[in-house]
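The first residue of the sequence shown is numbered 1, and numbering continues consecutively from there.
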Amino acid sequence: MPDSLGTSRLLRDGRLLGVFTSTGDGTVGAEWQEPKSGERVEPHDAAVGYALAAAFGTGAEPMWKLMLNALLEMWP
């Protein structure tokens, strides 16, 4: 899930597992959250998070900017 312009969050059952960042050069970094009450990040969680971040990138443009770009595209 996009979190800001350059980061995305990985959630499982509504609990934050980690935050992914990518600068667009093909490398992905992750900051993992401290486990609570015996829960931990499983290898398959990490694999899914890295794969999604590498394939689709991290972050997203704000909604207002997307709307402005769409309106400007329609402007003659």
Side-chain angles (χ1 to χ4, degrees):
M1 171 182 306
D3 190 32
S4 68
L5 284 174
T7 63
S8 292
R9 296 178 287 167
L10 178 64
L11 306 171
R12 183 184 352 125
D13 298 328
R15 185 178 64 86
L16 179 64
L17 297 177
V19 177
F20 290 87
T21 57
S22 177
T23 57
D25 61 356
T27 60
V28 175
E31 292 182 25
W32 301 104
Q33 298 298 309
E34 288 292 321
K36 296 179 183 173
S37 67
E39 295 177 350
R40 61 187 177 133
V41 177
E42 298 290 332
H44 64 273
D45 294 324
V48 167
Y50 280 114
L52 289 172
F56 299 107
T58 57
E61 295 288 331
M63 187 61 167
W64 65 266
K65 191 171 181 182
L66 295 173
M67 290 297 293
L68 179 62
N69 287 340
L71 290 172
L72 290 174
E73 288 292 323
M74 294 180 359
W75 196 275

For this session: Return the set of residues passing side-chain contact (heavy atoms from CB on, under 4.5 Å) with Thr21 (not counting sequence neighbours), or none when no residue passes.
Result: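 Applying side-chain contact (heavy atoms from CB on, under 4.5 Å) to Thr21 gives Thr7.
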Problem set entry | Heavy-atom closest contact (Thr58 atom, Ser8 atom, distance) |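 Smallest interatomic distance, heavy atoms only, reads CA-OG, 3.4 Å.
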For this session: Identify the heavy atoms of Leu11 and Leu16 that sit nearest to each other, and give their distance.
Result: CD2-CA, 3.5 Å
Exercise. Under a 4.5 Å side-chain heavy-atom rule over Ile, Leu, Val, Met, Phe, Trp and Tyr, are Leu52 and Val41 clustered together?
Worked result: no
For this session: Treating Ile, Leu, Val, Met, Phe, Trp and Tyr as nodes and any side-chain heavy-atom pair under 4.5 angstrom as an edge, say whether Val19 and Tyr50 lie in one connected cluster.
Result: no
Problem set entry | Rounded distance [0.5 Å steps], CE in Met67 versus CG in Leu72 | 11.0 Å
For this session: Decide yes or no on side chain to side chain contact (heavy atoms under 4.5 Å, CB included) for Leu17 and Gln33, but give the supporting numbers first.
Result: CA-CA 6 Å; Leu17 297 177; Gln33 298 298 309; over 6 Å; no
Exercise. So do the side chains of Trp32 and Leu10 get within less than 4.5 Å of each other, counting heavy atoms only?
Worked result: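 Touching, per the 4.5 Å side-chain cut-off.
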